[in-house]
Amino acid sequence: MKITHDFHLHTHLSLCAPDKTGTIENYIKNAKAQGIKKLGITDHFWGASPADPEYFGQCKSNATRYYTVQNFEYISQSKNDFHFAEDSGVKLYFGAEAEYDPFRHSVAITHEQAEQMDIVIVPNSHTHMVMPKAFYEPVEKHKEFMFNAFYDILDCEFSRYVTAIAHPFTAVACPYGKIPVFDAITDDEFRFAFDKAANKGIAMEINLAAMTREDDTKTIDYYKPEMRMLRIAKECGCKFTFGSDAHIISEHKNLSAFDEAADALGLCEDDIAEIAR
């Protein structure tokens, strides 16, 4: 199956972008060369200043500093470059990778901000940003934090704006890696979560950065734990979006791996979230 969208892209506005090559102009050129027709611009975002700097001081990363900068006005600067899509055959969608707010058990966004976005993806797995380091051990506490975040995202007042869960349950920058967390999650726990997500109409993201080996080929490894999780999500009736999670132009390549993942999961057009079709 040919996947023709990439709904997880960071421009140079994201503070974690290591160079300035992640421009909309560059992404459009890459997309055209690889048969991608829709791009979602999803810079990191927190809708207001994080509520408790003391809490974030207990986390692995300094989210207070990070998200104080990445507010709505700041990420909206990307729209200044949307004109590069004119006559390109590539459609741009303005949105954000909005953060999970552990204080309000919600998404760090406002209704006014969400209404101005085409897509909103939200991770339940940015535990390096929003989970105190004490929750890393034992791994069951880490797992519980991500499930609580997942259900908070589904149940909060902003859930109707959420397009997809970004890299679901893939613990980012985890000191012991993501595999112990996946191994701690049972199939039944995944089924319960994905049944609820399917009923809510919130898609699961198939994230290229999370699912590829760190080698030159970037070939999907079908035995990685994400595939077990995504197969269960499909069985539960979840829809899917695809995202490269590129932060620089060199990460926006080999997008045919989207097609490999879709084929490995046996996806068809009806399995793709409506906005991404």
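Quick caveat, the model's predicted, so the values are computed rather than measured.
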Colleague: Using a distance-only test with no angle check, is there a side-chain donor-acceptor pair under 3.5 angstrom linking Asn26 and Thr23?
Modeller: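 Looking only at side-chain atoms, Thr23 and Asn26 do form a donor-acceptor pair, the distance falling under 3.5 Å.
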Colleague: For the residue pair Phe84 and Tyr27, is the inter-centroid distance of their aromatic rings smaller than 6.0 Å?
Modeller: no
Colleague: Under the side chain to side chain contact (heavy atoms under 4.5 Å, CB included) criterion, do Leu230 and Met211 qualify, and how do the steps go?
Modeller: CA-CA 11 Å; Leu230 293 168; Met211 293 180 58; 3.7 Å; yes
Colleague: Anything under 30° is parallel, anything over 60° is perpendicular, the rest tilted; go ahead and classify Phe158 against His111.
Modeller: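 The arrangement is tilted - the two ring planes meet at 30° to 60°.
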Colleague: Ring-plane angle category for Phe147 and Phe190, please: parallel below 30°, perpendicular beyond 60°, tilted otherwise.
Modeller: tilted
Colleague: Would Lys143 and Glu140 pass as an ion pair if we require N to O under 4.0 Å?
Modeller: yes
Colleague: Would you say NZ of Lys79 has more than 12 non-hydrogen atoms from neighbouring residues, nucleotides or ligands within 6.0 angstrom?
Modeller: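 Buried by this count: over 12 neighbours within 6.0 Å.
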Colleague: Cut-off 3.5 Å, side chains only: do Ser125 and His167 have a donor facing an acceptor?
Modeller: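 A pair is found: one side chain offers a donor N or O, the other an acceptor, under 3.5 Å apart.
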Colleague: Please answer whether the main-chain N or O of Asp270 pairs with a side-chain N or O of Lys239 as donor and acceptor at a distance below 3.5 Å.
Modeller: yes
Colleague: Do Asp271 side-chain atoms and Cys268 backbone N/O form a donor-acceptor pair below 3.5 Å?
Modeller: yes
Colleague: If we check side-chain contact (heavy atoms from CB on, under 4.5 Å) with Tyr100, which of these qualifies: Ile165, Val107, Asp152, Asn124?
Modeller: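 Among the candidates, only Asp152 passes.
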Colleague: Measure centre to centre between the rings of His10 and His8, then say whether the value is under 6.0 Å.
Modeller: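 Centroid separation for His10 and His8: below 6.0 Å.
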Colleague: Quick one: does Thr21's side chain have a donor or acceptor within less than 3.5 Å of a partner on Ile249's backbone?
Modeller: yes
Colleague: Please test Glu274 against Arg277 for salt bridge (Lys or Arg N to Asp or Glu O under 4.0 Å), starting from the C-alpha separation and ending with a verdict.
Modeller: CA-CA 5 Å; Glu274 184 175 355; Arg277 293 177 196 168; 5.6 Å; no
Colleague: Looking only at side-chain N and O atoms, does Asn207 offer a donor or acceptor that is under 3.5 Å from a partner on Glu205?
Modeller: yes
Colleague: Can you say whether the rings of His44 and His126 are parallel (under 30°), tilted (30 to 60°) or perpendicular (over 60°)?
Modeller: tilted
Colleague: I'd like to know if the side chain of Glu226 reaches the main chain of Thr170, judged simply by a donor and an acceptor atom lying under 3.5 Å from each other, with no hydrogens or angles considered.
Modeller: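 No; zero donor-acceptor contacts below 3.5 Å.
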Colleague: Without swapping roles, check the side chain of Lys196 against the backbone of Leu154 for a donor-acceptor pair under 3.5 Å.
Modeller: no
Colleague: Would you say Ser159's side chain and Ile153's backbone share a donor-acceptor pair under 3.5 angstrom?
Modeller: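 No: the side chain of Ser159 does not pair with the backbone of Ile153.
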Colleague: When the ring centroid of Tyr74 is compared with that of Tyr67, is the distance short of 6.0 Å?
Modeller: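 Centroid distance Tyr74-Tyr67: not below 6.0 Å, so no.
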Colleague: Show your working on ring pair (Phe, Tyr, Trp, His ring centres under 6.0 Å) between His142 and Tyr136 and close with a plain yes or no.
Modeller: CA-CA 5 Å; His142 193 170; Tyr136 279 115; 5.0 Å; yes
Colleague: Check for me, please, whether Ile121 and Ile272 land in the same ILVMFWY cluster - side-chain distances under 4.5 Å, paths through other members count.
Modeller: no
Colleague: Can a donor-acceptor pair be found between the side chains of Ser106 and Asp101 at a distance below 3.5 Å?
Modeller: no
Colleague: Are more than 12 heavy atoms from other residues, nucleotides or ligands located less than 6.0 Å from atom NZ of Lys91?
Modeller: no
Colleague: Is the backbone N or O of Leu39 less than 3.5 Å from a side-chain atom of Asp6, with the two atoms forming a donor-acceptor pair by type?
Modeller: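 No; zero donor-acceptor contacts below 3.5 Å.
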Colleague: Please determine whether the number of non-hydrogen atoms from other residues, nucleotides or ligands lying under 6.0 Å from atom CD of Glu137 exceeds 12.
Modeller: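 Yes, because the 6.0 Å sphere around CD of Glu137 holds more than 12 heavy atoms from other groups.
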Colleague: Return yes when atom CZ of Phe192 has more than 12 non-hydrogen atoms of other residues, nucleotides or ligands closer than 6.0 Å, and no otherwise.
Modeller: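 Open.
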